[in-house]
Amino acid sequence: VKVEAIDYGDRRVYSVGAFNRGIASWLSRLPTVWVEGEITELRRQVRWASVFFTLKDPADGACLGVSMPRGQFDGLRLDLKDGDRVHVYGRPELFEARGEFRLRALSLERFGLGEHLAALERLKQKLAGEGLFAAERKRPLPFLPRRIGLVTGNDAAAKRDVLTTITARFPAANVLVGETYVQGPRAPGAIIETLRALCREDVDVIVLARGGGSFEDLLPFSDERLVRAVAACPVPVVTAVGHEQDTPLCDLAADARASTPSMAARLVVPDLAELLQRLDRGRAGLERGARRALERERRRLDRAHERLDRAPRLLLERGRARLEHAGGRLRALSPHATLERGYAIVRSEGAIVRSGGAVEPGQQVDVELAEGGFGARVEETR
Amino acid sequence: VTEEPTFEAAQKELEEIVHRLESGEAPLDEALRLWQRGEELYRLCKDRLDAAEGKIEELASRAEAAKP
């Protein structure tokens, strides 16, 4: 659209109509978007071509005029009342005759609790399909974190609960608190930023805590960006959001979910007193073990020593017995023993006589007996 | 100078000596030499055990003193 200006010397001036046309033309280039808000001041007249209402942001009260062709509006049969939450699909528009800006609605959907829950369910299915909530993604929490990050509202009871419990269990714990918005449209972005900031500070684990609140209050904790940020967080995240029955989607993406802020604190730090007790028991066991091992080695050594001491004497006795045995056998085998039984040895010129033919009658022989002996002469040979 | 054997090595050697002596295979000279070596090993092992016991007592009393 060409907008004509009038030149008054060095000043270019637009007529109101031209100005409005220009703005309207510029606005028409903006994209069609979805806008969420509460219906107020619904105005509908049979003689009007359009219905009008104001969309109000429940978070900060910001307002936006909306128009919608009446036939289309009636066709939806939504039976809307003031305060109903809706999603409007439309385009910004300038009503040129009056220079009034508004949203030209092309489509309108009620967005009550049911629709809200359905949308959340769809998001949940989508993220689950991507494996964001899978059990094998869950990381174990550190046993003794060097530094704990706590993301919470600035004056939240949740913050106090977490800090009190952590300090009671482990007085030396190092907690870095990141305060942020925990409610409203700015909360998801702010929480994500705080998570990242804490990660840069080298925390070992992060607790994301928020006390109870209405369904709407807890909505930021189901925000897709936040759920993804929790799943992608480089350190394990423990969530404690709302009450037991609330399950915001960030709970499903977290590495551990606590039912209350103080339960979250119990998950991230061990109980020092209990730890010391266990350590004590361990040490007592250690001492008992060492003493037992010592006793066992001592008994084993004593046994070996006893046997060692016994061994040479045993050896000696065995040797002596063997010697006695050999001596006995030696004595049994000596010729003397044979002579004792009445035998005699006959020698002729020193050689033992074994047959009658070895001597001649008249020959001199020596006879040896068990006791002494005598000389003799051969009478006859046979 | 040979390096001192570990407790386990000394214990093992001692038990091997006892076994050899008890089997009666060793000649007398060797048996006497083995016996002497066995006594040395026994002394060494016993000293080590006594030292270990002293250490346990010391650690236990120190741990006791450090209790909060």
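All chains are named by letter (A, B, ...) in the order of the sequence lines, taking the proteins before the strands, and each is independently numbered beginning at 1.
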**Student:** Within this structure, what is the CZ-SG distance for the pair A:Arg300 and B:Cys45, rounded to the nearest 0.5 Å?
**Tutor:** 9.0 Å
**Student:** Quick one: CD on B:Glu57 to CG on A:Leu294, what's the gap to the nearest 0.5 Å?
**Tutor:** 9.0 Å
**Student:** Does any heavy atom of chain A fall under 4.5 Å from the side chain of B:Lys46, the backbone, both, or neither of them?
**Tutor:** both
**Student:** If you compare all heavy atoms of B:Leu14 against all heavy atoms of A:Leu308, which two are closest, and at what distance to 0.1 Å?
**Tutor:**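 B:Leu14 and A:Leu308 have their closest heavy atoms at CD1-CD2, 4.0 Å.
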**Student:** Around atom CD of A:Glu340, are there more than 12 heavy atoms from other residues, nucleotides or ligands closer than 6.0 Å?
**Tutor:** yes
**Student:** Which of the residues A:Glu295, A:Glu287, A:Arg307, A:Arg310 is involved in the greatest number of heavy-atom pairs with chain B at under 4.5 angstrom?
**Tutor:**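 Heavy-atom pairs under 4.5 Å are most numerous for A:Arg307.
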**Student:** Give a yes or no on this: more than 12 heavy atoms of other residues, nucleotides or ligands lie within 6.0 Å of atom CZ of A:Arg266.
**Tutor:** no
**Student:** Please report the shortest heavy-atom distance between A:Ala311 and B:Leu21, naming the atom on each side.
**Tutor:** CB-CB, 3.5 Å
**Student:** Run the numbers on B:Arg48 and A:Glu297 for salt bridge (Lys or Arg N to Asp or Glu O under 4.0 Å), then give the verdict.
**Tutor:** CA-CA 10 Å; B:Arg48 295 278 175 87; A:Glu297 292 306 323; over 6 Å; no
**Student:** Rounded to the nearest 0.5 Å, what separation is found between the NE2 atom of A:His305 and the CG atom of B:Leu41?
**Tutor:** 10.5 Å
**Student:** Can you establish whether the number of heavy atoms outside A:Glu371 located under 6.0 Å from its atom CD is more than 12?
**Tutor:** no
**Student:** Name the region of A:Leu314, side chain, backbone, both or neither, that has any atom closer than 4.5 Å to a heavy atom of chain B.
**Tutor:** neither
**Student:** Quick check: do B:Trp35 and A:Asp309 have side-chain heavy atoms less than 4.5 Å from each other?
**Tutor:**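 Yes. Closest side-chain heavy atoms under 4.5 Å.
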**Student:** Evaluate whether atom CG of A:Asp202 has more than 12 neighbouring non-hydrogen atoms of other residues, nucleotides or ligands under 6.0 angstrom away.
**Tutor:** no
**Student:** Under 4.5 Å from any heavy atom of chain A, what part of B:Ile17 do you find: side chain, backbone, both or neither?
**Tutor:** side chain
**Student:** Is the count of non-hydrogen atoms from other residues, nucleotides or ligands lying under 6.0 Å from A:Lys138 atom NZ greater than 12?
**Tutor:**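 Correct, the count exceeds 12.
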**Student:** Flag yes if more than 12 heavy atoms outside A:Arg139 fall under 6.0 Å of its CZ atom; otherwise flag no.
**Tutor:** yes
**Student:** Less than 4.0 angstrom from a charged side-chain N to a carboxylate O is my criterion; do A:Arg303 and B:Glu15 meet it?
**Tutor:**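 Answer for the salt bridge query: no.
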**Student:** Please look at B:Gln11 and chain A and tell me whether the side chain, the backbone, both or neither of the residue comes under 4.5 angstrom of a heavy atom of that chain.
**Tutor:**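 It is the side chain, since no backbone atom gets that close.
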